[in-house]
Structures are given as structure tokens and as C-alpha cells.
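Throughout, protein chains are lettered first and strands after them, A, B, ... in sequence-line order, and every chain is numbered starting at 1.
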Protein chains: 2
Amino acid sequence: MSKIIPNISIDCVIFGFDFKQLNVLLVERKLIDKDSKQVLIDDWTLVGYHIYEDEDMDTAAARILRKISGIEDIYLEQFYTFGDENRIKNEKDKLWHKHHNKHFKSRVVTVGYYSLIDNTKVKLSLSDRNVKWFAIDDLPELGFDHKKILDKALDSLRDKLRNQPIGFELLPEKFTISQMQRLYEEILGTRFDRRNFRKKVLQMKYIIPLDEKQTGVKHKAAQLFAFSREVYEKTKTERFDFTI
Amino acid sequence: MSKIIPNISIDCVIFGFDFKQLNVLLVERKLIDKDSKQVLIDDWTLVGYHIYEDEDMDTAAARILRKISGIEDIYLEQFYTFGDENRIKNEKDKLWHKHHNKHFKSRVVTVGYYSLIDNTKVKLSLSDRNVKWFAIDDLPELGFDHKKILDKALDSLRDKLRNQPIGFELLPEKFTISQMQRLYEEILGTRFDRRNFRKKVLQMKYIIPLDEKQTGVKHKAAQLFAFSREVYEKTKTERFDFTI
DNA sequence: ACAAAAGTGTTCGAACTACACCCATGG
DNA sequence: CCATGGGTGTAGTTCGAACACTTTTGT
């Protein structure tokens, strides 16, 4: 195996939507003193690790996510790189570093990736780390500058949702209109009129009605839809839209 | 002075607009063999260099730009980080590296920043490097993967222009409506109706008419306008806009 | 039968498009 | 006096916002 690059890391902000609320995947960071058995650190961080010398960054992001959480084959989008000289400054972070990155004391630059997946469809494989979903509005204490990174990822996700019709990569294959509406409302923090939303969505030619209905619901089953990337690429045009 | 970090660099894509066409700032990359006097490399690159160990990335970007071009105090926006394992693969690039980054053979990750300025207002200070503006549609051969970086920067600039009313940081302090229109047309590659454009712009409350007119033109002098970031921040609202 | 969400149309105002003529200035 | 860009209004159309009742299904 190749060597890791000690001053470059990747952090993945994995958003999970369960059609109720927006969640984010975090990893427990725990450090216990060998002698005194005292818990020195016990908080949470994003899914992250260093990259290897012979590895592309996108590949590294996918590997790190797979290794830590078991999640595979999802679209990851790079959104920002965090490299302030003092980004890791508090005592816990320094302590953690001393234990895990021993022969290295300089600043670590981290490249942020995010994704949005249906977290009801994903099984987290148990690695040696404790990995859990947290509701975005009920987060535990985060280590390093990961709160800042998470906030920036959420901004990027919102921008993407607002400006790129839909994150194709960011939704399950089949969905109902109101699932889609809930996703938009939850992430953008807004409410839309059901009828207008439906009208708007149905205008989009790349949203294809399927001959299939929802199952397992205790009310009228809704029709399922799918995205067609092909149609999307064809109908994509330049827009002039410097509204506000 | 502090040490440089050999595997992290910054590249600045400085777009310059002269109210006629879009330009980009490039630096000549020349390597001459000491003995044979043969020109081994003679092409152009973006404005870039490594960061120092005790320096924030934003600070480094500003410093690198200042050192190489003399340009100061402009807004630089980070847009993407390029770190493919083989991003520098051709012979010229390897040769250059051998000469300038001697004791280092691993991949260099580069963080991209861009800006847009009025290049008629900027004096390039002569450093030891040859620095020049090039029209965006008449570029010379670019070294490394800098063509790819430039293209991505242009995409980001277009996105910003389309989605964030105007890049406040990206325009001169005082401007006429038709200068603004030319900027939009040139960068987005579209044409707008003069009257409709003006109408749209004048609706924006954060675009403030000044008691001042253009000077030095051989036709009717146009009124000057300025942005008010203050008003912008106040009137900014959430939009739902997944148009296509 | 009732609870829960699906599905459906119309009206009103705002915003966008297309379009042509006169004005001020410098050379 | 002419060339160059500045400044202006209106009509038609499209788009988005607001709004309530009926249908289907599982329990």
C-alpha cells in the first residue's frame, strides 16, 4: 500500500433524507487515556481521512466513505477546501492529532465533499468506528472545524438544489411528487403550495411518469416518477437569471 | 521566512474585462538550457505558486497574485481544488518541476481562485516574470492542466453572474448600465435588449444611481451607478428557482 | 366511516418580451 | 451636421401565487 499524504485530507458531508427530516452522517471521536482510563475526548466528526500518494481525490473521497461507513457508489461533489493556518486550534483537536498523526505538526488542508442520499435505503456497515445519522437540527458537539464545514456543505447543497433543477445524483431512482416536495421544503427551509409545486414539476420534461405506484402506504397510492438525465441534457439551455 | 509547503499550491485565474472582451492574466513559463542555450520550454501558465506553512490560503492567494503581477486588494473567490494523481503528466511539466521543485516528486494539489477586474484600471508591475493579458478566445498554449482550471473558473464565474445578481466584488465601483450589460453579454455569451436590461437593473434596489456622469466619451455621457452591499444584504431573500 | 394523502383548475397580478424614436455630446 | 451611444413607454404574453373540494385507500 502506498503512503498517506499527511497534510491533505478529505471530509465527506453525507446528508441523508428520510422524507421526514434532513440528517447527516457523523463518526464518533473517542480517546481514552490508557493508564487512567479517563475519557479525554468523546465527540463527533465528519467522515474523513487522509489521501494516499497515488490516489485521485475523488477516488479517495469514495474510499474513505466506504471504509468508514460501508456506503458505496454514491455521487460525491467537491464543494470547498479548508486550509486556514489555524483551523485546528483547540486543545481536544491538538490532543487527537498528537495521538493519530504523530510525526506531523503542520496544518492539514482538507477538501470537502458532500452528497445527499436516501438514508432509509442505506445500511451502515459496522467498522471499528461508531457511525450514526444525526438530525441536522439536533447535532452533537463536533470536533475540529467540522461545524463550519458542515454549514458550508449545506449552503452548497441548497445552491445546487435551487439552481440545478434537481440534484439528479441526489435523489432515489423512483419518487413521488410529494416526496420531492418534502425534500425541497426540508432542505431549503420553505413551504410550497402543493398544486403549484406539482404543476411546476410536471412541466419539466426530464421528469418521467412511471407506470407504477407507491406501495405500503395506508392512503391513496401516489404515482412514481423518475429523472431522465438524457432528456435533461437535451433540454438544458442557457439561462439569464440574475434575479433578486 | 517560513517554509513553503511543497505539495500544495494556489492558482489564480484573473479575468479582466475592458468593456470590449474578456481577458485572462497569464505568466510566461520559460526554461532555457544553461549549456546549449536551447529553449526547452516557452509557454504560459496561470498566476500560481506554493503556500507557506504559516499562511492562510486566502492570504496566500492574495500574496501570490501581488508578488507576480503587482495586483492588490481584489476579491478572490476559491472555486475548486485540483488534485488528480496524474494532473501533471507531460514532459514539459515534469521538466519544469525538476528545475523548480527539486526535492519533491509527489503530486501537487492546487487550489483555484478566480476574480474579475477592470483590466483597464490595473497596472501590471514588472516582476522578474513576464505577465500579460490574453483575450479569452485567443489563448496561447497553456502549461500543466491550466486550460482545464481556466475552463472551470469560467464556469464558476458564469454561475456566479447568473445566480448571484451581480458579483459585487467583481465589478468596478462606478459603472454605467451599458457597461454592465456588456459585461453580462460578454461573459455569458448572450445578447439582451437594451431597454429591458435597463428596466431589470433599475428594479434592483441595491443598484444606486449616483449624481455623476461618465467623462471622456464622445457621445452623451451616461449616468454612473454603484452597488450597495448593505441594501443587497437587507433585501436578499430565499428564492425557489429550479427553472430550466 | 374516517383518517390521510392524492389529484385537479381558475383567476389575478407581476414579470418578461418585443419593438422605435428622440436626445446629448464631441469631433 | 453627423456619428455614437444614452434614454424612454407600451402592448401582448407568459409565469407564478393564491386558493378548496373530491377521490382513493387502509384501518
Worksheet item: Separation of A:M204 atom CE from D:dC15 atom P, in whole Å?
Response: 13 Å
Fill in: Whole-Å gap separating C1' (C:dA5) and CD (A:E185)
14 Å
Worksheet item: B:F15: what forms a ring pair (Phe, Tyr, Trp, His ring centres under 6.0 Å) with it, not counting sequence neighbours?
Response: none
Fill in: Face-on cation placement of A:R63 at A:Y49 ring, 6.0 Å and 45° thresholds
no
Item to complete: Report the distance from atom CZ of B:F192 to atom P of C:dA18, rounded to the nearest whole Å.
Response: 12 Å
Response to the item:
Sorted by chain and number, sequence neighbours left out, side chain to side chain contact (heavy atoms under 4.5 Å, CB included) with B:S178 holds for B:T176, B:R182
Under-3.5 Å N/O pairs linking protein and nucleotides 1-8 of chain D:
{"residue": "D:dG6", "atom": "OP1", "partner": "B:S178", "partner atom": "OG", "Å": "2.6"}
{"residue": "D:dG7", "atom": "OP1", "partner": "B:Q223", "partner atom": "N", "Å": "3.1"}
{"residue": "D:dG7", "atom": "OP2", "partner": "B:R198", "partner atom": "NH2", "Å": "2.7"}
{"residue": "D:dG7", "atom": "N7", "partner": "B:R194", "partner atom": "NH1", "Å": "3.2"}
{"residue": "D:dG7", "atom": "N7", "partner": "B:R194", "partner atom": "NH2", "Å": "3.2"}
{"residue": "D:dG7", "atom": "O6", "partner": "B:R194", "partner atom": "NH2", "Å": "2.4"}

Side chains of residues 68-75 of chain A: which donor-acceptor pairs under 3.5 Å do they make with residues two or more places apart or in other chains?
{"residue": "A:S69", "atom": "OG", "partner": "A:L65", "partner atom": "O", "Å": "2.7"}
{"residue": "A:S69", "atom": "OG", "partner": "A:I71", "partner atom": "N", "Å": "3.0"}
{"residue": "A:Y75", "atom": "OH", "partner": "A:E77", "partner atom": "OE1", "Å": "2.6"}

Show me, pair by pair, the donor-acceptor contacts under 3.5 angstrom made by side chains of residues 130-140 of chain A, not counting sequence neighbours?
{"residue": "A:N130", "atom": "ND2", "partner": "A:E28", "partner atom": "OE1", "Å": "2.9"}

Item to complete: Mark yes when over 12 heavy atoms from residues, nucleotides or ligands other than B:K152 sit less than 6.0 Å from its NZ; otherwise mark no.
Response: no
Under 3.5 Å, which protein N or O atoms sit close to an N or O of nucleotides 10-13 of chain D? Give each pair with its distance.
{"residue": "D:dT10", "atom": "O4", "partner": "B:K199", "partner atom": "NZ", "Å": "2.9"}

Practice prompt. Examine the side chains of B:D18 and B:T120 and answer whether a donor and an acceptor come within less than 3.5 Å of each other.
Written response: no
Worksheet item: When the aromatic ring centroids of A:F19 and A:F175 are compared, is their separation below 6.0 Å?
Response: no
